[in-house]
> 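Sending over a structure as structure tokens; questions will come in a sec.
All ligand and atom numbering here is 1-based and tracks the order in the structure. Only this structure's heavy atoms are used, side chains among them; waters, hydrogens and symmetry mates stay out.
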Amino acid sequence: MTTTPAGAADLRTQVAIIGAGPAGMLLSHLLAAGGVESVVVESRSAEYVASRIRAGILEQSTVDLMRSAGLGDRLGREGHEHRGIYLQWPQERHHLDFVDLTGRSVFVYGQTEVQKDLVAARTAAGQEDHYEITDTALHDLGTDRPSVTFTDSSGAARRVTADVVVGCDGSFGPSRSSVPAPVRQTWEKTYPYSWLGILADVAPSTDELIYAWHPDGFAMHSMRSATVSRLYLQVPNGTDPQTWSDDRIWESLATRLGHGQDGWQLTPGPITEKSVLPMRSNVSTPMRHGRLFLAGDAAHIVPPTGAKGLNLAVADVGLLAPALVDLLRRNDSRLADAYSETALRRVWRCTHFSWWMTTMLHTSGDEFDQQLQLSQLRWVTSSEAGATGLAENYAGLPIGF
Ligand code: FAS
Ligand code: PHB
């Protein structure tokens with residue numbers, strides 16, 4: 001079966017993928033490896049999608065999957081393997097060694113780099129994709145000939161008819177709401193704080209990530225390379241990043257991360273990007289309806305404290321790709337029929353872990369909560385059972401958990 005050549009008003013393929021973020025592009029790559037063709041449609045430009053500063057940590061399962069899919073070369077050269085993280089609060093800093101605790105590690109390798117690798121692989125494979133589309137709409141999802149219509153970048157009306165449609169269009173795309181309301185169930189929690197994130201052209205002041213609890217609010221020291229640091233500060237919802245001067249940002253980071261504690265110093269540097277990320281948990285079920293499947297942020301959103309957003313999108317696709325290959329190449333629907341239930345087990349595990357890390361580390365001004373948070377931090381950093389629980393979730397459970 002071949003995809004109708006580009007240029008025809010109507011296209012025909014096996015899987016129509018909405019969204020060219022990591023979920024959509026990785027799915028297209030894995031389907032092709034299984035002999036299944038796809039067309040990817042995306043509302044933004046390729047440059048915009050590639051430039052979005054988002055996740056920074058790949059858990060072991062993501063690294064393993066990228067390597068097995070032939071996407072691990074640059075990751076192996078430019079990614080930085082981390083054994084664990086530091087948990088910090090005033091006068092205390094403790095390292096949790098995930099490798100000692102669970103045998104699994106994590107990699108610092110930005111989502112922008114993952115996206116570059118995916119786009120390079122799909123381009124080399126001659127993948128058909130349509131960027132800067134508008135008017136995306138899904139049709140006939142309950143039949144065996146679902147389709148996606150859109151207006152392409154030239155203004156032409158197009159239709160992709162497929163065997164399956166996969167919504168990889170994030171939390172604001174049309175796919176999740178294409179699951180009929182009587183069938184759809186949504187859980188939503190909005191947190192009373194946001195993250196002010198910066199990129200800075202300065203070498204990281206730490207070898208591994210520092211997650212810091214402080215009465216003034218949470219702070220985190222992450223990184224992108226040996227010369228670029230990524231740091232975050234808890235700020236009130238609705239904060240305008242431009243109201244935070246560079247000096248104010250570095251002073252707050254120094255205070256909250258423990259500058260001067262046991263001789264540790266936070267080295268400031270030129271800030272090259274500043275943005276505010278609201279924090280919410282959201283799960284939309286089911287992740288399949290008829291010939292529509294959902295993967296990634298289209299089905300779930302987690303606060304970034306657990307470094308799970310991108311990794312959960314990858315885990316969904318790691319389950320969905322073999323399910324669709326079985327369905328479309330072998331007419332075996334067992335994995336596809338089980339996809340939503342299987343994927344949601346991990347979605348809820350990661351949703352809980354992200355909520356747990358977020359509520360443990362972010363201050364809300366409530367004195368009782370602060371005592372509970374400090375008690376939890378002392379337990380997790382002194383009990384092997386507590387530390388292993390965090391490590392198991394952070395470094396990632398095997399796909400299909
Ligand atoms: P994406 O949102 O990446 O991709 C969806 C794509 O669908 C987008 O390109 C969008 O343009 C497209 N689309 C939407 N509507 C469409 C339509 N109608 N037609 C066609 N295309 C459409 N996760 C972490 O783990 N750590 C972090 O630090 C972190 N920081 C984040 C910061 C921000 C600002 C955001 C928004 C998210 C962050 N995340 C983070 C989560 C993020 O990494 C996501 O989990 C990840 O991008 C999920 O990938 P996708 O499911 O592919 O969704
Ligand atoms: C990042 O480096 O952007 C990052 C790392 C860990 C998180 C969230 C974001 O939990």
Side-chain angles (χ1 to χ4, degrees), residues 16-28 40-59 62 80 82 85 106-112 114-115 118-119 129-138 148-152 160 166-178 194-195 197-199 204 208-211 218 220-225 228-232 273 275-280 282 294-317 320 350 353-354 357-358 361 394 396:
I17 299 172
I18 305 174
M25 295 302 266
L26 179 59
L27 178 61
S28 175
V40 180
V41 297
E42 163 61 53
S43 53
R44 310 300 295 247
S45 70
E47 295 71 24
Y48 178 86
V49 176
S51 67
R52 288 183 305 211
I53 309 293
R54 288 187 170 176
I57 298 294
L58 303 185
E59 64 183 47
T62 296
H80 296 274
H82 281 197
I85 61 172
V106 294
F107 274 71
V108 172
Y109 192 69
Q111 179 170 327
T112 49
V114 174
Q115 189 73 19
L118 287 168
V119 170
D129 43 39
H130 298 262
Y131 285 93
E132 298 181 83
I133 71 168
T134 53
D135 312 317
T136 311
L138 294 78
V148 177
T149 55
F150 60 94
T151 302
D152 72 13
V160 186
V166 182
C168 298
D169 47 347
S171 58
F172 301 110
S175 295
R176 62 164 56 197
S177 55
S178 297
S194 298
W195 277 11
I198 66 167
L199 273 180
E208 298 190 334
L209 273 58
I210 304 170
Y211 287 77
F218 169 79
M220 191 225 290
H221 191 326
S222 183
M223 58 202 70
R224 287 292 179 272
S225 69
V228 178
S229 293
R230 176 72 165 163
L231 299 104
Y232 297 96
E273 197 266 349
S275 58
V276 170
L277 168 67
M279 302 181 79
R280 64 195 181 103
N282 178 289
L294 302 178
D297 280 16
H300 41 73
I301 296 291
V302 289
T305 326
K308 287 295 158 211
L310 171 60
N311 292 296
L312 201 44
V314 170
D316 289 348
V317 169
L320 184 55
C350 292
F353 177 66
S354 303
M357 286 284 280
T358 300
L361 287 161
Y394 193 104

> Report the nearest protein non-hydrogen atom to atom 9 (O) of ligand 1: residue, atom name, distance rounded to 0.1 Å.
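Ranked first by proximity to atom 9 (O) of ligand 1 is Glu42 OE1, 2.8 Å.
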> Check each heavy atom of Gln111 against ligand 1 and say whether those closer than 4.0 Å belong to the side chain, the backbone, both or neither.
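Looking at Gln111 and ligand 1, just side chain atoms fall under 4.0 Å.
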> Under 4.0 Å, heavy atoms only, figure out whether ligand 1 is touched by the backbone of Asn311, its side chain, both or neither.
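Under 4.0 Å from ligand 1, Asn311 contributes no heavy atoms.
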> For ligand 1, is there an N or O atom under 3.5 Å from any N or O atom of Ile133?
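No, there is no polar N/O contact under 3.5 Å.
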> So for Met357, does at least one of its heavy atoms come nearer than 4.0 angstrom to any atom of ligand 2?
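Distance cut 4.0 Å: Met357 fails for ligand 2.
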> Are any of the side-chain heavy atoms of Pro304 and Leu277 separated by less than 4.5 Å?
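Yes, at least one pair of side-chain atoms sits under 4.5 Å.
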> Side chains of Leu231 and Met220, heavy atoms from C-beta outward: is any pair under 4.5 Å?
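Not in contact.
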> Do Thr305 and Met279 touch side chain to side chain, with heavy atoms closer than 4.5 Å?
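SC-SC contact between Thr305 and Met279 confirmed.
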> Starting from atom 25 (O) of ligand 1, what is the nearest protein heavy atom, named by residue and atom, and what distance separates them?
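Answer, as residue, atom name and distance: Gly309 N, 3.2 Å.
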> So, does Asn311 use its side chain to make a donor-acceptor pair with the main chain of Ile57 at under 3.5 Å?
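Checking the backbone N and O of Ile57 against the side chain of Asn311, a donor-acceptor pair under 3.5 Å is found.
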> Which residue is it: Ser175, Cys168, Ser43? I am looking for the one with a side chain to side chain contact (heavy atoms under 4.5 Å, CB included) to Ile18.
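Exactly one option meets the side chain to side chain contact (heavy atoms under 4.5 Å, CB included) with Ile18, and it is Ser175.
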> Suppose we measure from atom 51 (O) of ligand 1 to each protein heavy atom; which comes out shortest, and what is that distance?
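Closest protein heavy atom to atom 51 (O) of ligand 1: Asp297 N, 2.9 Å.
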> With a 4.5 Å limit on heavy-atom distance, are the side chains of Arg176 and Leu294 in contact?
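In contact.
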> Any atoms of ligand 1 less than 4.0 Å from a non-hydrogen atom of Pro174? List them with their elements.
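Those qualifying, in numeric order: 17 (C), 18 (N).
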> With heavy atoms only and a cut-off of under 4.0 Å, state how Pro22 meets ligand 1: side chain, backbone, both or neither.
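Near ligand 1, Pro22 shows its backbone as well as its side chain.
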> Ignoring hydrogens and geometry, is there a side-chain-to-backbone donor-acceptor pair from Ser28 to Gly24 under 3.5 Å?
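No, because the side chain of Ser28 does not come within donor-acceptor range (under 3.5 Å) of the backbone of Gly24.
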> Considering non-hydrogen atoms of the protein only, which is the closest contact for atom 33 (C) of ligand 1, and what is the distance?
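Answer, as residue, atom name and distance: Leu277 CD1, 3.5 Å.
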> May I ask you to decide if Ser51's main-chain N or O and Gln115's side chain share a donor-acceptor pair within less than 3.5 Å?
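Pair absent, no side-chain N/O of Gln115 close to backbone of Ser51.
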> Atom 7 (O) of ligand 1: which protein heavy atom is closest, and how many Å away?
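Atom 7 (O) of ligand 1 sits closest to the protein heavy atom Asp169 CA, 3.2 Å.
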> Can you pull out the closest protein heavy atom to atom 15 (N) of ligand 1? Residue, atom name and distance to 0.1 Å, please.
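Nearest protein contact, heavy atoms only, for atom 15 (N) of ligand 1 is Gly173 CA, 3.6 Å.
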> When you look at Glu47 and Arg52, which way does the salt bridge (Lys or Arg N to Asp or Glu O under 4.0 Å) test go after all the steps?
CA-CA 9 Å; Glu47 295 71 24; Arg52 288 183 305 211; over 6 Å; no
> Show which atoms of ligand 1 fall inside a sub-4.0 Å distance from at least one heavy-atom site of Ile18.
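Atoms satisfying the 4.0 Å criterion: 19 (N), 20 (C).
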> Pull out every atom of ligand 2 sitting under 4.0 Å from any heavy atom of Tyr211, numbered as shown with elements.
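Those atoms are 6 (C), 7 (C), 10 (O).
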> Find all atoms of ligand 1 within a distance of less than 4.0 Å from any non-hydrogen atom belonging to Ala23, and give their numbers and elements.
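Per the distance check, 50 (P), 51 (O), 52 (O).
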> Measure the shortest side-chain to side-chain distance between Ile85 and Glu208 over non-hydrogen atoms and say whether it is less than 4.5 angstrom.
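With C-beta onward as the side chain, the pair stays apart.
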> Should one rank Pro304, Ser222, Pro303 by closest heavy-atom distance to atom 2 (O) of ligand 2, which comes out on top?
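When every heavy atom of Pro304, Ser222, Pro303 is considered, Ser222 comes closest to atom 2 (O) of ligand 2.
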> Does any part of the side chain of Ile53, heavy atoms only, come nearer than 4.5 Å to the side chain of Arg230, both counted from C-beta?
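Yes - at least one pair of side-chain heavy atoms lies under 4.5 Å apart.
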> Could you tell me which atoms of ligand 1, counted from 1 in the order shown, lie closer than 4.0 angstrom to a heavy atom of Ala307?
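Under 4.0 Å from Ala307, ligand 1 has these atoms: 25 (O).
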> What are the atoms of ligand 2, with element, lying closer than 4.0 Å to any heavy atom of Arg54?
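Listed by number with element: 3 (O).
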> Of Ala20, Gly19, Cys168, which has the heavy atom at the shortest distance from atom 5 (C) of ligand 1?
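Of the listed residues, Cys168 has the closest heavy atom.
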> Which of the atoms of ligand 1 are close to Tyr232, meaning less than 4.0 Å from one of its heavy atoms?
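By the 4.0 Å cutoff, the relevant atoms are 28 (O).
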> Counting non-hydrogen protein atoms only, what is the nearest one to atom 16 (C) of ligand 1? Give residue, atom name and distance.
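Checking every protein heavy atom, the shortest distance to atom 16 (C) of ligand 1 gives Ser43 OG, 3.5 Å.
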> Considering only heavy atoms of Arg44, which atoms of ligand 1 have at least one such atom less than 4.0 Å away?
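Within the 4.0 Å cut-off of Arg44, ligand 1 contributes 11 (O).
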> If the contact criterion is a heavy-atom separation under 4.0 Å, does Arg224 count as touching ligand 2?
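Yes, Arg224 has a heavy atom closer than 4.0 Å to ligand 2.
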> Any heavy-atom pair between the side chains of Leu209 and Met223 that's under 4.5 Å?
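SC-SC contact between Met223 and Leu209 confirmed.
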> Test your reading of the structure: does Val49 have an N or O sitting under 3.5 Å from an N or O of ligand 1?
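Looking only at distances, the answer is no, because the N/O contact criterion of under 3.5 Å is not met.
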> Who's the nearest protein heavy-atom neighbour of atom 17 (C) of ligand 1, and how far?
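Answer, as residue, atom name and distance: Thr136 OG1, 3.6 Å.
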> Closer than 3.5 angstrom, by distance alone: can the side chain of Thr62 be matched with the main-chain N or O of Leu58 as a donor-acceptor pair?
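The answer is no, because no donor-acceptor pair under 3.5 Å joins these two groups.
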> Nearest heavy atom to atom 4 (C) of ligand 2: which of Trp195, Tyr109, Tyr232 does it belong to?
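It is Tyr232 that holds the nearest heavy atom.
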> Who gets closest to atom 2 (O) of ligand 1 by heavy atom: Arg52, Arg54, Met220, Glu59?
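The residue whose heavy atom sits nearest atom 2 (O) of ligand 1 is Arg54.
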> Answer with yes or no whether the side chains of Ser171 and Asp297 bring together a donor and an acceptor at under 3.5 Å.
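On atom types as modelled, these side chains do not qualify, holding no pair under 3.5 Å.
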> Could you tell me if Tyr232 and Tyr211 have a donor-acceptor pair between their side chains, going purely by distance under 3.5 Å?
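The answer is no; no qualifying pair exists.
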> Under the 3.5 angstrom rule, does the side chain of Glu42 hit a backbone N or O of Tyr131 as a donor-acceptor pair?
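Between the backbone of Tyr131 and the side chain of Glu42 there is no qualifying donor-acceptor contact (under 3.5 Å).
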> Which is it for Leu209 and ligand 2 at heavy atoms under 4.0 Å: side chain, backbone, both or neither?
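The answer is the side chain.
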> Against heavy atoms of Ile57, which atoms of ligand 2 measure under 4.0 Å?
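Listed by number with element: 5 (C), 6 (C).
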> Should you measure from each heavy atom of Ala307, which atoms of ligand 2 turn up under 4.0 Å away?
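This gives 6 (C), 7 (C), 10 (O) as the contact atoms.
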> Backbone N or O of Ile301 within a donor-acceptor pair of the Lys308 side chain at under 3.5 Å?
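Here the side-chain-to-backbone pair does not exist.
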> Counting each atom of ligand 1 from 1 as listed, which ones have a heavy atom of Gly296 under 4.0 Å away?
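So the answer, numbered in order with elements, is 51 (O).
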> Are His82 and Phe107 an aromatic pair, judged by ring center distance below 6.0 Å?
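Centroid separation for Phe107 and His82: 6.0 Å or greater.
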